[in-house]
Amino acid sequence: MRKPLIAANWKMYKTPKESLAFLSEFLPLVKDHTSSEIAIFPTMSSLGYVIEATKDSNVTSGAQTMHWLNEGPYTGQTSPTMLESIGCTRVLLGHSERRIYAHETDDMVNLKLKAALEHDLIPIVCVGETLDKRQSGLTEAVLCWQIAVALNGVKGASCGQLVIAYEPVWAIGTGSVATPEQANEAHAIIRREVARHLGAPCASCMRILYGGSVKPDNVASLMSQPEIDGALVGGASLHAKSFHEIISNAT
């Protein structure tokens with residue numbers, strides 16, 4: 001049984017003060033929630049504050065990205081050991097906005113994934129196709145390639161709590177949402193490829209999230225699909241009541 005995971009990606013929003021204000025409203029709303037896991041990925045400047053504020057709650061938190069090396073002359077980067085040192089337990093890897101704006105490649109995502117597993121950080125690896133690739137009938141080819149490269153050199157026995165998020169690039173922040181059937185089909189492709197690379201037992205246990213304009217009024221239909229195990233939520237997670245509604249409607 002795969003326990004649903006509902007995760008908030010705050011992107012480049014919220015100062016530490018704003019993050020703590022959110023949590024003061026949000027944590028009481030979910031304090032008795034047990035049917036799904038809840039995670040928040042704040043900005044790096046807020047991460048330490050969010051970790052401290054949620055340490056005695058049922059909410060975990062993580063970083064939006066990291067480097068794969070422990071240290072070095074890489075201005076502006078954060079290492080896995082730095083995340084460990086502040087009690088971080090999760091990390092997002094390969095989000096489409098990182099791929100587009102920071103020019104992250106599939107090979108870089110692979111290096112980061114292996115580093116995250118080595119440091120016992122729970123990774124959420126993001127994959128997904130652009131609109132032109134979908135319109136060209138290349139969704140499956142793109143997903144297979146991204147999964148193959150991300151998992152290169154990763155052993156099934158070490159996959160641990162690895163999570164994958166399917167985020168069709170054409171649906172992120174656009175208001176467009178993959179239909180539940182489209183999302184479920186993509187998730188099935190991903191699970192099949194995970195089984196091919198890491199083995200069927202790992203694939204059957206792995207949670208695959210959907211991300212892309214998830215809102216309170218569409219999350220239930222998405223979660224009704226058998227291959228969808230949760231959601232990675234962007235804009236709708238910035239408001240405590242909205243994110244609480246998504247969590248409530250998802251399970």
[X] (side chain) donor-acceptor with [Y] (main chain) under 3.5 angstrom:
X      : Y      : answer
Glu104 : Val109 : no
Ser85  : Met82  : yes
Arg99  : Gly94  : yes
Asn58  : Val30  : yes
Glu37  : Pro4   : no
Ser224 : Ser221 : yes
Arg207 : Lys3   : yes
Ser57  : Val59  : yes

So if you build clusters from Ile, Leu, Val, Met, Phe, Trp, Tyr with side-chain heavy-atom gaps below 4.5 Å, do [X] and [Y] land together?
X      : Y      : result
Ile124 : Trp68  : no
Leu232 : Ile208 : no
Leu113 : Leu143 : yes
Leu222 : Val233 : yes
Val50  : Ile86  : yes

[atom1] of [X] to [atom2] of [Y]: how many Å apart, nearest 0.5 Å?
X      : Y      : atom1 : atom2 : answer
Tyr166 : Thr139 : OH    : OG1   : 5.5 Å
Ser237 : Asn9   : OG    : CG    : 7.0 Å
Asp106 : Leu111 : CG    : CG    : 11.5 Å
His197 : Asn152 : NE2   : CG    : 9.0 Å
Ser213 : Glu167 : OG    : CD    : 10.0 Å
His244 : Ile38  : NE2   : CD1   : 8.0 Å

Practice task
In sequence, state the C-alpha distance, the side-chain angles, and the governing distance for His95 and Lys11, and then conclude on side chain to side chain contact (heavy atoms under 4.5 Å, CB included).
Solution key: CA-CA 10 Å; His95 190 280; Lys11 305 188 179 185; 4.3 Å; yes

Please examine the side chains of [Y] and [X], heavy atoms only from C-beta on, and report whether any two atoms are closer than 4.5 Å.
X      : Y      : value
Ile164 : Val127 : yes
Lys112 : Thr65  : yes
Ser96  : Cys126 : no
Ser45  : Thr15  : no
Thr43  : Tyr13  : no
Arg98  : Leu92  : no
Asn249 : Met223 : no
Phe26  : Ile247 : yes

If you look at every heavy atom in [X] and [Y], which pair is closest and at what distance?
X      : Y      : result
Leu83  : Met44  : CD2-SD, 4.2 Å
Ser36  : His33  : OG-NE2, 2.6 Å
Ala53  : Leu20  : CB-CD2, 3.8 Å
Ser46  : Pro16  : OG-N, 3.2 Å
Lys215 : Ile246 : C-CG1, 3.7 Å
Leu198 : Lys155 : CD2-C, 3.9 Å

Practice task
Pick out which of His187, Arg191, Arg192 makes a side-chain hydrogen bond (donor to acceptor under 3.5 Å, both in side chains) with Glu227.
Solution key: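 Answer to the side-chain hydrogen bond (donor to acceptor under 3.5 Å, both in side chains) test with Glu227 among His187, Arg191, Arg192: Arg191.
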
With a 6.0 Å cut-off (strictly less than), is the heavy-atom count around [atom1] of [X], excluding the residue itself, greater than 12?
X      : atom1 : answer
Lys241 : NZ    : no
Glu181 : CD    : yes
Glu185 : CD    : no

Fill in the blank from the handout: For residues 118-131, the salt bridge (charged side-chain N to carboxylate O under 4.0 Å, His left out) pairs (sequence neighbours left out) are Glu129-Arg134

Exercise for the section: List the steps, then state whether side-chain hydrogen bond (donor to acceptor under 3.5 Å, both in side chains) holds for Asp107 with Thr105. Expected result: CA-CA 5 Å; Asp107 288 328; Thr105 65; 5.0 Å; no

Exercise for the section: Decide yes or no on side chain to side chain contact (heavy atoms under 4.5 Å, CB included) for His119 and Asn70, but give the supporting numbers first. Expected result: CA-CA 10 Å; His119 289 274; Asn70 291 339; 3.0 Å; yes

Exercise for the section: Have a look at Leu209 and tell me which of Val214, Val163, Ile228 forms a side chain to side chain contact (heavy atoms under 4.5 Å, CB included) with it. Expected result: Val163

Practice task
Would you please classify the geometry between the Phe22 ring and the Phe243 ring as parallel, tilted or perpendicular, with 30° and 60° separating the classes?
Solution key: tilted

Exercise for the section: Could I get the full list of ring-ring contact (aromatic ring centres under 6.0 Å, His included) partners for His67, not counting sequence neighbours? Expected result: Tyr74

Practice task
Run the numbers on Leu151 and Leu162 for side chain to side chain contact (heavy atoms under 4.5 Å, CB included), then give the verdict.
Solution key: CA-CA 11 Å; Leu151 297 181; Leu162 168 62; 3.9 Å; yes

